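First up is the structure itself, then whatever we jot down about it.
FYI, side chains are in, hydrogens and waters are out, and symmetry mates aren't considered; it's all heavy atoms of this structure. Positions are given from 1, in the same order as the sequence printed here. As the structure is a prediction and not an experimental result, all values here were calculated from the model.
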Amino acid sequence: MQAWQVHQNGEPAEAMRLVEVDRPTPGDGQVLLKVRAANINFPDALMCRGHYQVRPPLPFTPGVEICGETEDGRRVIANPALPHGGFAEYAVADAAALLPAPEALDDAEAAALHIGYQTGWFGLHRRARLEAGETLLVHAAAGGVGSAAVQLGKAAGARVIGVVGGADKARVARELGCDVVIDRRAEDVIGAVKEATGGRGADVIYDPVGGEAYTQSTKVVAFEGRIVVVGFASGSIPSPALNHALVKNYGVLGLHWGLYNTKNPKLVLHCHEQLTELAARGTIKPLVSERVPLGEAAAAVQRVADGVTTGRIAVVPTLENGAAA
């Protein structure tokens, strides 16, 4: 079968190589899955660079989120068991963690439903306890993680402010349903948020960016507001001033969604049931901006790493080169 492998850490476009390898052999409690679609996540790029908290042994195949097909023909969502990741024709995954792919979504959309939407659901509902009528601020609102949080925030009855970088991403954020869109390249984020909230600030802030975005968050968070830290796409990990949190009376909440798979896996299943129901109603629908063939996966991962994409890019092994839609 064909699979992308990383033999030496580096930028995805250089580190990933498309090779012919044997199909992986499932271990105890694992199953072999035919990859129908693999969603590209920012952690895939970080793993290529060797900068992610999970460091699979070299060589490894990246791709942490797929819609796959079991040997008996069931369509499932899975997190492949590294080093046999999803950017390949076949992957392996833990049988106990398989989730049914929602019928309302195609393969690429189903592949994109899992990590980003689970992270959004846990961040907004489990950690921040977002309530209807509150104001939610989402950084990088047109990206894969941010777009999921925007949709989930609207589904929860929140007023959503989206922060993006550039006019094209601002258009996407509006289409996603943001009530207010702020282009950080053309506007003063702090001033624009204060204006949009009558000076009160945002009740919940969803931050997958870190760096300057986090600093902005501390200046626009409302009284008793909650900042949910879900990642550092900027590459800069902030050092929060806890005296500031004390004086302004806000909370800083960390979210490592992967921990729930071992600490409380029943809650992951409950979340998937909620997401499946929302998808069936058409309330949420993963924004898949591109579907690319397997041969173009490395270039696509690099675009995600460079922060120039909107929504999600899905790698579809059955597509032929040049046939991306």
Side-chain angles (χ1 to χ4, degrees), residues 1-10 12-41 43-48 50 52 54-102 105-115 258 261 272 288 290-302 304 312-325:
M1 71 167 192
Q2 285 191 313
W4 286 93
Q5 286 190 338
V6 174
H7 289 260
Q8 185 174 351
N9 293 125
E14 300 173 356
M16 291 174 61
R17 304 180 198 166
L18 187 59
V19 295
E20 285 284 342
V21 295
D22 293 333
R23 291 183 186 179
T25 301
D28 290 341
Q30 295 181 330
V31 293
L32 180 69
L33 297 174
K34 180 180 180 180
V35 178
R36 297 176 66 113
N39 178 43
I40 299 175
N41 287 268
D44 294 315
L46 293 179
M47 273 192 278
C48 288
Y52 196 55
V54 177
R55 297 192 179 187
L58 299 170
F60 69 90
T61 297
V64 296
E65 180 178 42
I66 68 170
C67 175
E69 184 178 328
T70 63
E71 291 183 333
D72 59 3
R74 288 181 297 126
R75 214 169 58 107
V76 297
I77 293 174
N79 298 126
L82 300 176
H84 303 296
F87 301 147
E89 293 180 285
Y90 288 85
V92 295
D94 293 335
L98 299 182
L99 296 169
L105 305 178
D106 66 22
D107 293 339
E109 292 165 345
L113 182 73
H114 194 40
I115 296 176
N261 286 298
H272 183 67
V288 180
E290 292 182 70
R291 292 167 170 82
V292 303
L294 186 60
E296 297 178 16
V301 176
Q302 187 64 56
V304 171
R312 293 295 194 187
I313 301 179
V315 178
V316 183
T318 55
L319 280 178
E320 296 182 3
N321 286 340

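In this structure, A15 and C48 approach most closely via the heavy-atom pair CB-O, 4.5 Å. Nearest heavy-atom pair across A3 and T61 is CB-OG1, 4.1 Å. Considering every non-hydrogen atom in both N39 and A111, the closest pair reads CB-O, 3.6 Å. Heavy-atom minimum distance, A38 versus G86: CB-O, 3.5 Å. Of all heavy-atom pairs between V304 and I313, the closest is CG2-CD1, 4.1 Å. Summarising the geometry of C67 relative to R75, their closest heavy-atom pair is SG-CG, 3.7 Å, with the distance given to 0.1 Å.
Note that the CD1 atom of I66 and the CG atom of D107 stand 10.5 Å from one another [nearest 0.5 Å]. Interatomic distance, CD of E296 versus CG of L319, reported as 9.0 Å (0.5 Å rounding). Rounded to the nearest 0.5 angstrom, L32 CG and E69 CD are separated by 11.0 Å. Atom CD1 of I115 is separated from atom CD1 of I77 by 10.5 Å, given to the nearest 0.5 angstrom. Atom CD of Q30 is separated from atom CG of D94 by 5.5 Å, given to the nearest 0.5 angstrom. With values rounded to the nearest 0.5 angstrom, L113 atom CG is found 9.0 Å from L99 atom CG.
Within the 3.5 Å criterion, the main-chain N or O of M1 finds no donor-acceptor partner in the side chain of E89. Of the possible polar contacts, none joining the W4 side chain to the G85 backbone as a donor-acceptor pair under 3.5 Å is found. Side-chain atoms of E65 come within 3.5 Å of backbone atoms of H114 as a donor-acceptor pair (strictly under, hydrogens ignored). R312 places no side-chain N or O within 3.5 Å of a backbone atom of N41 that could act as its donor or acceptor partner.
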- Message: If you apply the rule side chain to side chain contact (heavy atoms under 4.5 Å, CB included), what do you find for M47 with V6, and how did you get there?
- Response: CA-CA 9 Å; M47 273 192 278; V6 174; over 6 Å; no

- Task: Check the pair D106, R291 against side chain to side chain contact (heavy atoms under 4.5 Å, CB included), reporting the backbone distance first and the verdict last.
- Result: CA-CA 12 Å; D106 66 22; R291 292 167 170 82; 2.7 Å; yes

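Looking at heavy atoms from C-beta onward, H272 lies in side-chain contact with P100 at the 4.5 angstrom threshold. Residues V31 and L98 form a side-chain contact, since some pair of their non-hydrogen atoms from C-beta on lies under 4.5 Å apart. Using a 4.5 Å heavy-atom threshold, the side chains of L33 and T70 count as touching. By the 4.5 Å heavy-atom criterion applied to side chains, Q8 and L58 are not counted as neighbours. At a threshold of 4.5 Å between non-hydrogen side-chain atoms, the residues I40 and V315 count as touching.
By the 6.0 Å contact criterion, CG on D72 is enclosed, its count of non-hydrogen atoms from other residues, nucleotides or ligands being greater than 12. Open room surrounds CZ on R23; 12 or fewer heavy atoms of other groups in view lie less than 6.0 Å from it.
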